[in-house]
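Have a look at the structure below before the remarks.
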2 protein chains.
Amino acid sequence: MAESRHGPRERMVFSAAQLIRRDGVGATGMRDVAAHAGAPRGSLQHYFPGGKEQLVNEAVAWAGRYAGGRVARFLAGLDEPAPSGLFAAMAAQWTHEYETDGFAAGCPVAAATVDCAATGSATREAVAAAFSAWRGPVAEALTGMGVPAARAGSLATLMISALEGAILMARAEQDVRPLTTVVRELGPLLDAAVVSSV
Amino acid sequence: MAESRHGPRERMVFSAAQLIRRDGVGATGMRDVAAHAGAPRGSLQHYFPGGKEQLVNEAVAWAGRYAGGRVARFLAGLDEPAPSGLFAAMAAQWTHEYETDGFAAGCPVAAATVDCAATGSATREAVAAAFSAWRGPVAEALTGMGVPAARAGSLATLMISALEGAILMARAEQDVRPLTTVVRELGPLLDAAVVSSV
DNA sequence: CCGCTACTATGACAGCGGTCATAGTCGGCC
DNA sequence: GGCCGACTATGACCGCTGTCATAGTAGCGG
């Protein structure tokens, strides 16, 4: 298994993110995380003395870094860089997963937000940081494509908002249509923000 | 209290929605719902023999009807009907709540989606129905404003997606900026979809 | 008064949650 | 070897959850 390359601690964080995005924070048990990661239960309190909250926070932070890191790879995969293409690639990751693996899972950051925004301020801050770690690279990518810096941040917020909402609706309806719809409708707006370099 | 006008059953459904949108489905206990509604605990199994799932489903359905019903009132409150105005009114409801009551609560439909989409197919269908009961009136309102019927549904999906995502980010960051940003960036796109009646 | 239905009121139960406590194992290093 | 730190392994604890069972009350038609 490729997972063996990663240490047990990393695997547990990864597994926590996986289970959280499927079942939510409340329904994800520590024992489940250990079992899913193939890690001993005793390691939980060893690596995460802060308990469940620490594990959740690290899972959220990991998800944020992962999402932010994907942006660069999406950019590299575009034939002709355009904001709409980036957005389409971001959404395509989800449509692909839903079409091949089903609609079981959503975004772990969204799950943590819903379950921990009211209680647990530490987790709330972790979620905010995750969104920031995601929005940053998106905004940078937009500026790199010719979007004025003043608007890049706003459009990044819009892109992530629309994507998160579409993920929710897609899971609810068990249909990727919300994702494709959002990509189609938002694409022209995004491309129109590029200042023509002609 | 005005709540006394409603029967205890209705109050419990309402309270369930309130607690779910604040703490999530998993963290909301049946006893909490009864206490919040000022209803006797024994009434739970009387009115909701289907247990927690039935209560959650009805709370979600109520939220969907509520959101759909608000659309008409938003429309009536607009000086000059425009898609951007409707969207701004939808978002303003949230910014107002967040600015006056804090960022404790989110959308109950989103919470139910996150917590029950993987398990509990009945709840998943209830969530899908709630989104539909929300999207329908929005799409109708758009057509009434001159948006071609073919695009109204798509734009309604986009509006709700962006709004839900912005709600998530606003709660995470404890700032209404995502909501205002989404309204500002999406407004022109929405108004541009109106076929000129000149 | 009886019987019936709607609703209320408690208590108990089984299960699972996160967390603590304790003991065991392994591997390196003086 | 002997020690020590890192990690593993279990078991127990307490609190909470949803649900069931049972008993009780209020109102009403006969």
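Per chain, numbering begins at 1; letters A, B, ... match sequence-line order.
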Going by the rule side chain to side chain contact (heavy atoms under 4.5 Å, CB included), which residues pair with [X] if we only count those two or more places apart in sequence or in a different chain?
X	value
B/Ala166	A/Ser161, B/Pro178, B/Leu179, B/Val182
B/Asp32	B/Leu19
A/Ala89	A/Phe74
A/Ala193	A/Val147, A/Arg151, A/Leu155

- A/Arg171 (side chain) donor-acceptor with A/Ala104 (main chain) under 3.5 angstrom: yes
**OP:** Say whether, by atom type as modelled, one donor and one acceptor occur between the side chain of B/Thr95 and the main chain of B/Ala92 under 3.5 angstrom.
**Re:** yes
Rounded to the nearest angstrom, tell me the gap between atom [atom1] in [X] and atom [atom2] in [N].
X	N	atom1	atom2	answer
B/Phe48	D/dC20	CZ	C1'	18 Å
A/Arg11	D/dC7	CZ	P	13 Å
B/Gln54	D/dG18	CD	C1'	14 Å
B/Leu44	D/dT19	CG	P	10 Å

Applied to residues 112-121 of chain B, the salt bridge (Lys or Arg N to Asp or Glu O under 4.0 Å) test, sequence neighbours excluded, yields none
For residues 72-99 of chain A, the salt bridge (Lys or Arg N to Asp or Glu O under 4.0 Å) pairs (sequence neighbours left out) are A/Arg21-A/Glu97
- Task: Please evaluate the base of C/dG18 for a donor-acceptor partner in the side chain of A/Arg41 within a cut-off of under 3.5 Å?
- Result: no
B/S/- along nucleotides 21-28 of chain D (protein heavy atoms under 4.0 Å) is B-------
Sorted by chain and residue number, the ring pair (Phe, Tyr, Trp, His ring centres under 6.0 Å) partners of B/Tyr47 (sequence neighbours excluded) come out as none
Hey, can you pull the donor-acceptor pairs under 3.5 Å for the side chains in residues 126-139 of chain A, sequence neighbours left out?
from     : atom 1 : to       : atom 2 : distance (Å)
A/Arg135 : NH2    : B/Glu173 : OE2    : 2.4

Enumerate all atom pairs, one protein N or O and one N or O from nucleotides 13-17 of chain D, separated by less than 3.5 Å.
none

Atom pairs, protein N/O to nucleotides 4-7 of chain C N/O, distance under 3.5 Å:
from  : atom 1 : to      : atom 2 : distance (Å)
C/dC7 : OP2    : B/His46 : NE2    : 2.9

Donor-acceptor pairs are to be reported for all side-chain atoms of residues 55-68 of chain A against protein atoms at under 3.5 Å, with residues two or more places apart or in another chain.
from    : atom 1 : to       : atom 2 : distance (Å)
A/Asn57 : OD1    : A/Thr123 : OG1    : 2.7
A/Asn57 : ND2    : A/Glu53  : O      : 3.4
A/Glu58 : OE1    : A/Arg9   : NH1    : 2.8
A/Glu58 : OE2    : A/Arg9   : NH2    : 2.9
A/Glu58 : OE2    : A/Gln54  : NE2    : 3.2
A/Tyr66 : OH     : A/Arg70  : NH1    : 2.8
A/Tyr66 : OH     : A/Gln93  : OE1    : 3.3

